[in-house]
Amino acid sequence: MQEKPYFLTMSIVLVLMGAFGSNLQASKTDGWTTAAPRDELTPKFVAMKDAGGEPILGIEHDEREGLDGYWTKAFPVKGGQWYRFSAQRKTTNVAVPRRSCLVRILWTDDRGAKVPRDEPPHSGYSPESLGNVEAEHPRDGATDDHGWCAVVGTYRAPRRATRAIVELHLQWAPRGTVKYRAIALDESEPLSNRLVRLAAIHYCPHGGKAPAENCRQFAPLIAEAAQRKADLVVLPETINYVGLDKSCAEVAESIPGQSTDYFAALAKQHDLYLVVSLYERSNHLIYNTAVLLGPEGTIVGKYRKVCLPREEIEKGVAPGNEYPVFDTRFGKLGMMVCYDGFFPEVARQLTNNGAEVIAWPVWGCNPALASARACENHVYLVSSTYCSPDQHWMLSAVWDHTGHPIAKGDTFGTVVAAEVDLSKPLIWNSLGDFHAELPRHRPVWSESADQ
């Protein structure tokens with residue numbers, strides 16, 4: 001039996017069946033009105049209260065494709081002041097809420113016109129034009145046990161803004177419904193800077209006879225990174241294999257094991273995070289695995305390389321199939337390994353799962369793809385490679401949100417480091433904060449992979 005629309009069981013204050021441009025009285029909806037891009041796309045709007053008397057704004061779609069409507073309200077703001085938006089959202093029969101149930105905030109003047117940015121955009125795009133501020137897209141947060149998802153965002157109002165226009169949407173969700181409640185835009189303290197020093201080691205171990213000897217060659221470089229106040233240090237690919245003239249099966253080890261124990265002790269000694277790539281043995285399977293060691297001297301997590309080149313397939317290496325992201329004291333970290341960089345799906349899945357920084361042990365890859373993975377996802381990418389600059393191939397580098405290396409290694413045996421602020425988004429003319437728009441605008445892959 002088809003589930004009844006949620007509002008049939010609610011105490012409905014007012015139902016708006018209506019035509020585009022129809023508005024509810026401000027006294028009944030606290031100033032909220034309704035809109036749609038075109039009259040023929042207008043859904044049903046519902047204002048109600050829950051059992052406790054809390055106001056709820058609802059939208060319902062019938063069976064037609066492509067309906068699109070939203071509640072909207074203008075909030076007075078002071079230019080230059082910080083504001084925190086918050087709301088709770090609950091959906092029924094909406095396949096992809098992150099795309100269909102977006103919230104937008106537009107900064108305007110008293111006439112409703114867009115206002116200019118306070119600062120020039122990134123120099124790579126129309127640097128001669130200050131441009132107007134684009135819409136903000138608050139992000140989905142945690143969902144409680146009753147199905148209410150928090151939608152939040154903190155922003156600084158542009159200096160010439162006098163109003164913030166908030167829109168609560170339901171789009172492209174046949175037979176879907178959404179409820180919004182606890183909607184607020186309040187003055188707040190500025191966002192705190194989240195400074196982190198990202199580092200990569202540009203080095204290829206040599207002369208060793210066993211994995212342990214390769215590992216020990218990185219110790220002085222890790223110490224140097226610690227002296228430079230690194231929070232994260234990324235090492236290159238399969239360091240228990242490179243240069244040893246052994247098969248991956250001969251060097252593969254368990255995790256935890258000898259190599260991870262060694263690097264975990266160094267991470268604790270220097271009070272930092274280390275990312276190490278190793279050939280891992282798990283029963284009869286061998287994986288190319290990146291391991292995150294934490295400052296407590298423990299394994300925080302691991303990632304098994306998903307995309308395998310033909311050489312590893314021929315050696316019997318098995319692919320991973322998960323895209324974990326780990327909480328650290330500086331932010332959320334994802335990992336990928338070498339050949340993963342040739343495929344946009346890996347970095348995108350890590351970003352979808354919340355990664356702010358992606359650590360990338362990489363034997364070699366096209367540096368244009370490193371640039372693309374960082375730019376298309378607006379994440380920081382930290383690569384550690386065995387390639388030398390004269391090969392004109394991969395770099396050991398820290399890549400910023402524009403896809404440019406802001407620090408890179410030119411000589412083997414060096415540490416590459418850069419300080420970045422994870423609280424500061426990259427703002428473009430015409431795009432605004434593209435990282436915040438990604439969940440709202442990117443396509444749906446499949447229901448199982450994209451909730």
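The first residue in the sequence is number 1, and the count goes up from there.
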Subject >> Side chain to side chain, Tyr83 and Glu187, heavy atoms closer than 4.5 Å >> reply: yes

Original post:
Got a sec: does the CD of Glu322 have more than 12 other heavy atoms crowding it under 6.0 Å?
Top reply: no

Subject >> Salt bridge flag under 4.0 Å for residues Asp62 and Lys44 >> reply: no

Original post:
Would you say the ring centroid of Phe434 lies under 6.0 angstrom from that of Trp428?
Top reply: no

Original post:
Do Thr162 and Asp109 have side-chain N/O donor and acceptor atoms under 3.5 Å apart?
Top reply: no

**OP:** Using distance alone, with no hydrogens and no angle criterion, decide if Asn288 and Ser277 have a side-chain donor and acceptor under 3.5 Å apart.
**Re:** yes

**OP:** Output the distance between atom OG1 (Thr328) and atom CG (Leu292), rounded to the nearest 0.5 Å.
**Re:** 7.5 Å

Original post:
Thinking salt bridges, do Arg304 and Asp340 make one under a 4.0 Å N-O criterion?
Top reply: no

Subject >> Closest contact, heavy atoms only, Ser188 versus Gln81 >> reply: O-NE2, 3.3 Å

Original post:
Salt bridge between Arg117 and Glu134, side-chain N to carboxylate O under 4.0 Å?
Top reply: no

Original post:
Do the rings of Tyr339 and Phe343 sit parallel, tilted or perpendicular, given the 30° and 60° boundaries?
Top reply: perpendicular

**OP:** State the CD1-OG1 distance between Ile255 and Thr289, to the nearest 0.5 angstrom.
**Re:** 4.5 Å

**OP:** Specify the closest pair of heavy atoms between Ile358 and Met336, including all atoms of both residues, with the distance to one decimal.
**Re:** CG2-CG, 3.9 Å

Subject >> Separation of Glu237 CD from Cys365 SG (nearest 0.5 Å) >> reply: 10.5 Å

Subject >> Spatial distance of atom OG1 (Thr92) from atom CZ (Arg175) [nearest 0.5 Å] >> reply: 14.0 Å

Original post:
Can you tell me if Tyr323 uses its side chain to pair, donor with acceptor, with the backbone of Met335 under 3.5 Å?
Top reply: no

**OP:** Mark yes or no for whether Ser100, through its side chain, and Gln171, through its backbone, hold a donor-acceptor pair below 3.5 Å.
**Re:** yes

Original post:
Under a 4.5 Å cut-off applied to non-hydrogen side-chain atoms, are Asp186 and Trp82 in contact?
Top reply: no

**OP:** Grab the two heavy atoms, one from Gly403 and one from Ala374, that are nearest each other, plus how far apart they are.
**Re:** CA-CB, 4.2 Å

**OP:** Identify the heavy atoms of Thr42 and Asp39 that sit nearest to each other, and give their distance.
**Re:** OG1-O, 2.9 Å

Original post:
side-chain contact (heavy atoms from CB on, under 4.5 Å) between Leu235 and Leu274: does it pass, once the steps are laid out?
Top reply: CA-CA 8 Å; Leu235 277 58; Leu274 271 176; 3.7 Å; yes

Original post:
Is Arg163 reaching over with its side chain to a backbone N or O of Thr108, donor-acceptor style, under 3.5 angstrom?
Top reply: no

Subject >> Sub-4.5 Å side-chain heavy-atom contact between Arg348 and Asn353 >> reply: no

Original post:
Given side chains that start at C-beta, do those of Tyr155 and Ile105 come closer than 4.5 Å, heavy atoms only?
Top reply: yes

Original post:
Arg99 side chain to Arg442 main-chain N or O, any donor-acceptor pair under 3.5 Å?
Top reply: yes

Subject >> Short side-chain to backbone donor-acceptor contact, Thr351 and Ala347, under 3.5 Å >> reply: yes

Original post:
How many angstroms lie between atom SG of Cys338 and atom CH2 of Trp360, to the nearest 0.5 angstrom?
Top reply: 7.5 Å

Subject >> Pair Lys302 + Glu280, salt bridge at N-O below 4.0 Å >> reply: yes

Original post:
Would one find more than 12 heavy atoms of other residues, nucleotides or ligands at under 6.0 Å from atom CD of Glu189?
Top reply: no

Original post:
Between the side chain of Asn283 and the main-chain N/O of Leu285, is any donor-acceptor distance below 3.5 Å?
Top reply: no

**OP:** Please determine if Asp50 and Lys179 form a salt bridge, counting it only when a charged side-chain N lies under 4.0 Å from a carboxylate O.
**Re:** no

Original post:
Below 4.5 Å, heavy atoms only, C-beta onward: do Arg194 and Phe330 meet side chain to side chain?
Top reply: no

Original post:
Would you call Lys229 and Glu419 a salt bridge, using N to O less than 4.0 angstrom?
Top reply: no

Original post:
Is any side-chain N of the basic residue among Arg156 and Asp118 closer than 4.0 Å to the acidic one's carboxylate O?
Top reply: yes

Subject >> Distance-minimising heavy-atom pair for Val379 and Ala355 >> reply: CG1-O, 3.5 Å

Original post:
Are any non-hydrogen side-chain atoms of Leu198 and Tyr380 less than 4.5 angstrom apart?
Top reply: yes

**OP:** Apply side-chain contact (heavy atoms from CB on, under 4.5 Å) to the pair Arg98 and Arg440, showing each step before the final yes or no.
**Re:** CA-CA 6 Å; Arg98 57 94 179 160; Arg440 308 307 186 188; 4.2 Å; yes

Original post:
Is atom CZ of Arg111 surrounded by more than 12 heavy atoms (other residues, nucleotides or ligands) closer than 6.0 Å?
Top reply: no

**OP:** Compute the ring centroids of Phe326 and Tyr303, then answer whether they are less than 6.0 Å apart.
**Re:** no

Original post:
Going through the checks in order, is the side-chain contact (heavy atoms from CB on, under 4.5 Å) test met by Phe45 and Trp71?
Top reply: CA-CA 8 Å; Phe45 298 94; Trp71 291 90; 3.7 Å; yes

Original post:
Does Trp148 offer a backbone N or O that forms a donor-acceptor pair with the side chain of Gln88 under 3.5 Å?
Top reply: no

Subject >> Lys/Arg-Asp/Glu bridge criterion (N-O < 4.0 Å) met for Asp144, Lys90 >> reply: no

**OP:** Applying side-chain contact (heavy atoms from CB on, under 4.5 Å), run through His137 and Leu102 and close with a yes or a no.
**Re:** CA-CA 7 Å; His137 290 75; Leu102 72 156; 4.1 Å; yes

Original post:
Does Leu185 reach the side chain of Arg84, with side-chain heavy atoms less than 4.5 Å apart?
Top reply: no

Original post:
Taking only residues two or more places apart in sequence, or in another chain, which ones meet His435 in a ring-ring contact (aromatic ring centres under 6.0 Å, His included)?
Top reply: none

Original post:
Does Pro361 offer a backbone N or O that forms a donor-acceptor pair with the side chain of Ser384 under 3.5 Å?
Top reply: no

**OP:** Taking the side chain as every heavy atom from C-beta outward, state whether Leu333 and Val275 have any pair of such atoms under 4.5 Å apart.
**Re:** yes

Original post:
Backbone N or O of Leu170 within a donor-acceptor pair of the His61 side chain at under 3.5 Å?
Top reply: yes

Subject >> Non-hydrogen atoms of Cys101 and Thr91 that approach each other most closely >> reply: SG-CG2, 3.6 Å

**OP:** Nearest 0.5 Å please: distance from the CG atom of Asp433 over to the CD1 atom of Ile427.
**Re:** 4.5 Å

**OP:** Mark yes when over 12 heavy atoms from residues, nucleotides or ligands other than Lys73 sit less than 6.0 Å from its NZ; otherwise mark no.
**Re:** yes

**OP:** May I have the step-by-step check of salt bridge (charged side-chain N to carboxylate O under 4.0 Å, His left out) for Glu312 and Lys305, ending in yes or no?
**Re:** CA-CA 11 Å; Glu312 285 189 314; Lys305 185 176 179 179; 2.8 Å; yes

**OP:** Can you establish whether the number of heavy atoms outside Arg160 located under 6.0 Å from its atom CZ is more than 12?
**Re:** no

Subject >> Side chain Arg228, main chain Val415, donor-acceptor under 3.5 Å >> reply: yes

